[in-house]
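The structure appears right after this line, and notes come after that.
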Protein chains: 2
Amino acid sequence: MSTLEDVALVAGVSRASVSRVVNGKPGVAAHIVEAVTDAIARTGYVPNRAARSLVTRRSDTVLVVVSGSDTSRAGPWGPGELLADPFFGRVAGGLMSSLRPRDIHPVLMLAVTDDERSRVLSYVREGSADGVLLVSAQAGDPLPQMLTDAGLPVVLFSRPDHPLPLSYVDVNNRAGGALAADHLVARGCRSVGIVTGPLDIPGAEDRLLGFREAMARHGVAYVPSAPGTFSVESGATAMEALLTQHRVDGVFASNDNMAVGAILAAQERGLSVPDDVAVVGFDDSTAALMCRPTLTTVRQPIETMSAEMARLLLERLDAPDQRPSAAIFEPVLVERGSA
Amino acid sequence: MSTLEDVALVAGVSRASVSRVVNGKPGVAAHIVEAVTDAIARTGYVPNRAARSLVTRRSDTVLVVVSGSDTSRAGPWGPGELLADPFFGRVAGGLMSSLRPRDIHPVLMLAVTDDERSRVLSYVREGSADGVLLVSAQAGDPLPQMLTDAGLPVVLFSRPDHPLPLSYVDVNNRAGGALAADHLVARGCRSVGIVTGPLDIPGAEDRLLGFREAMARHGVAYVPSAPGTFSVESGATAMEALLTQHRVDGVFASNDNMAVGAILAAQERGLSVPDDVAVVGFDDSTAALMCRPTLTTVRQPIETMSAEMARLLLERLDAPDQRPSAAIFEPVLVERGSA
DNA sequence: CCCGCAACAGAGAGCGCTCTCTGCGCGCTC
DNA sequence: GAGCGCGCAGAGAGCGCTCTCTGTTGCGGG
């Protein structure tokens with residue numbers, strides 16, 4: 001492996017000049033640039049990241065933390081459970097699209113146990129990452145607090161559950177809920193219900209809120225709800241409750257997984273979707289096309305959102321004293337077969 | 001941020017002794033260990049990774065590369081498409097379970113374009129990662145070759161499409177195909193077909209091979225097949241072909257996505273699954289529980305496999321001159337509703 | 001009583017890079 | 001023609017760590 005020194009020797013210039021050329025610094029005479037470029041090609045030189053990082057005190061690396069509760073790790077698919085949701089892959093894809101042009105790379109870390117959470121902290125303290133992108137699937141996650149306390153640049157996916165001086169991206173969940181309500185009403189549903197997510201998660205609460213508000217605008221004061229956990233089975237269970245107790249003819253499930261469960265539960269009872277009961281989901285995930293009828297759902301642009309998330313972090317790294325900001329995206333209703 | 005020097009000062013010892021204690025080296029007097037431990041706690045010292053990496057020439061980081069073809073990036077869900085499959089999340093989860101105990105962290109990278117492929121190479125050349133874990137969804141991927149040529153420790157998920165001196169993990173795809181065939185025959189299917197994956201992918205070919213061999217053992221010489229691309233829609237299309245042209249009453253789809261598509265296509269024609277036509281999938285992915293009937297499928301233990309994959313790489317890093325090895329896992333048939 | 005050896009602490013070099021600071025030479029002005 | 005400033009290359013320090021090599025101490029044996 002050749003070093004700056006080697007290149008300098010071959011080019012017949014000083015180490016400093018080679019460094020200037022490698023980093024594209026201005027104020028280098030053309031003939032030197034050429035000599036160095038040539039020498040780099042001949043030696044196959046690649047700068048050593050550790051050495052550079054040591055002096056610049058930047059790592060050109062960001063930490064991507066997926067945070068979840070203890071239980072989420074031990075699902076039917078074992079330890080990969082938390083990440084098995086396509087959601088995370090889509091987020092990762094979005095992040096990378098912003099990071100790649102800057103040649104910054106994401107390191108993946110799970111933060112489920114306390115041990116893992118403190119590992120996240122020390123990883124950044126080590127100088128191994130310049131900032132943190134946090135995707136939290138957990139209510140009351142202490143990590144955002146810990147990280148901002150440590151003075152680290154952090155960007156969240158989803159609004160934090162209590163106000164914190166950090167940037168985040170989110171979809172306008174209330175507007176999304178309203179979109180679902182308006183659509184069900186426009187379809188002619190007379191008795192609508194909602195399958196909520198875990199209500200300690202702000203996004204889930206907002207979807208409920210937006211749905212209820214819109215229904216109120218349509219003159220419906222009471223909206224029956226049944227709680228779910230964002231899983232397919234929980235959606236089915238909640239749907240059964242709604243069907244037995246409230247004879248609903250329209251349901252808004254707060255994510256696509258639960259919407260799929262809801263459709264299956266309705267069909268199991270011999271009901272037709274959307275004729276007997278219409279179902280609207282949320283996310284527009286890959287599951288939306290895997291069921292029949294295909295899912296009418298509120299799309300959140302996950303890739304765009306996570307790309308923006310990375311962009312916000314990059315911005316913070318460039319200007320650390322900037323105030324945190326939030327990017328809220330407007331959801332869109334995608335009409336398919338289920339409602 | 002405090003340094004070794006600071007700790008040494010506080011503890012009243014030399015930098016070297018602090019280093020020895022931090023790294024758990026033997027031959028340090030108990031009172032020194034205590035003084036240093038104490039000083040570390042007081043100063044909140046965390047070793048700087050770049051500095052350590054610079055001298056040890058190890059980064060304690062591995063590169064996880066997801067390789068795919070150009071087209072796979074521009075699916076209906078945009079740039080995250082390739083990663084939107086739960087498969088990758090499950091692989092990531094498995095990898096991390098092996099890596100975490102060793103405090104080695106995965107850096108994620110996509111290798112779809114040539115530019116990205118060469119970035120993978122330079123990343124490792126920079127000394128930023130000690131080895132590569134490659135998950136390739138692409139036939140004829142030049143990356144495995146490039147990496148072994150560069151003399152890097154690499155472990156693959158799936159057998160490479162031409163022999164290469166590197167380690168890999170895989171499921172016994174032929175045995176999996178046979179499992180599906182045996183099950184369909186045992187159920188009493190008289191006319192079975194197969195929906196294959198892209199046949200330039202070794203795993204997809206092996207599933208076909210194993211299926212055909214087993215059918216031959218059951219006295220069936222000819223098995224109609226229809227090609228798919230591992231997507232839900234391609235499974236539906238292939239199923240239609242099989243149904244029209246061969247009036248099959250049993251189908252093996254080479255992955256769960258296509259199996260879901262196959263079930264939907266059959267139901268669209270008014271056929272009952274499994275009574276009119278039985279469907280067996282492959283993977284046991286999250287999709288297997290999202291359809292009705294639930295999917296009978298050949299399970300490959302993805303988390304276990306990817307954990308082993310990371311373990312093999314770690315082994316290679318510890319003993320670089322070791323010969324490459326392969327770990328082949330036996331699949332299991334999971335019987336549910338569809339067959 | 002002195003020598004030898006083990007056991008362990010400390011000194012110091014150096015990993016590959018960046019960056020400031022110095023110095024040199026050129027062209028300009030007065 | 002002397003002085004000044006500017007543009008640009010090189011020298012050298014030092015980022016925080018590891019590791020080898022040297023030095024010191026304390027013990028046992030001759």
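- The shortest side-chain heavy-atom distance between B:L110 and A:R100 falls under the 4.5 Å cut-off.
- When each of A:R15 and B:A16 is assigned the nucleotide of DNA chain C with its nearest heavy atom, B:A16 is the one assigned upstream, toward the 5' end.
- Between B:M146 and B:T148, every side-chain heavy-atom pair lies at or beyond the 4.5 Å cut-off.
- One finds a salt bridge joining B:E308 and B:R311 here, because a Lys/Arg side-chain nitrogen approaches an Asp/Glu carboxylate oxygen to under 4.0 Å.
- Residues from residues 3-14 of chain A placing a heavy atom under 4.0 Å of any atom in DNA chain C, listed by number, are A:T3, A:L4.
- Close approach of DNA chain D to chain B, defined as any atom under 4.0 Å from a non-hydrogen atom of the protein, starts and stops at D:dG16 to D:dC19.
- Between B:V107 and A:T61 there is no side-chain heavy-atom pair separated by less than 4.5 Å.
- Annotation: A:Q145, atom CD; neighbour count of heavy atoms from other residues, nucleotides and ligands within 6.0 Å is above 12.
- Remark: side-chain polar atoms of A:S167 are not paired, donor with acceptor, to backbone N or O of A:P324 under 3.5 angstrom.
- In this structure the side chain of A:R20 never reaches within 4.5 angstrom of the side chain of A:I32, judged on heavy atoms.
- To the nearest 0.5 angstrom, A:L313 atom CG is 10.5 Å from A:S98 atom OG.
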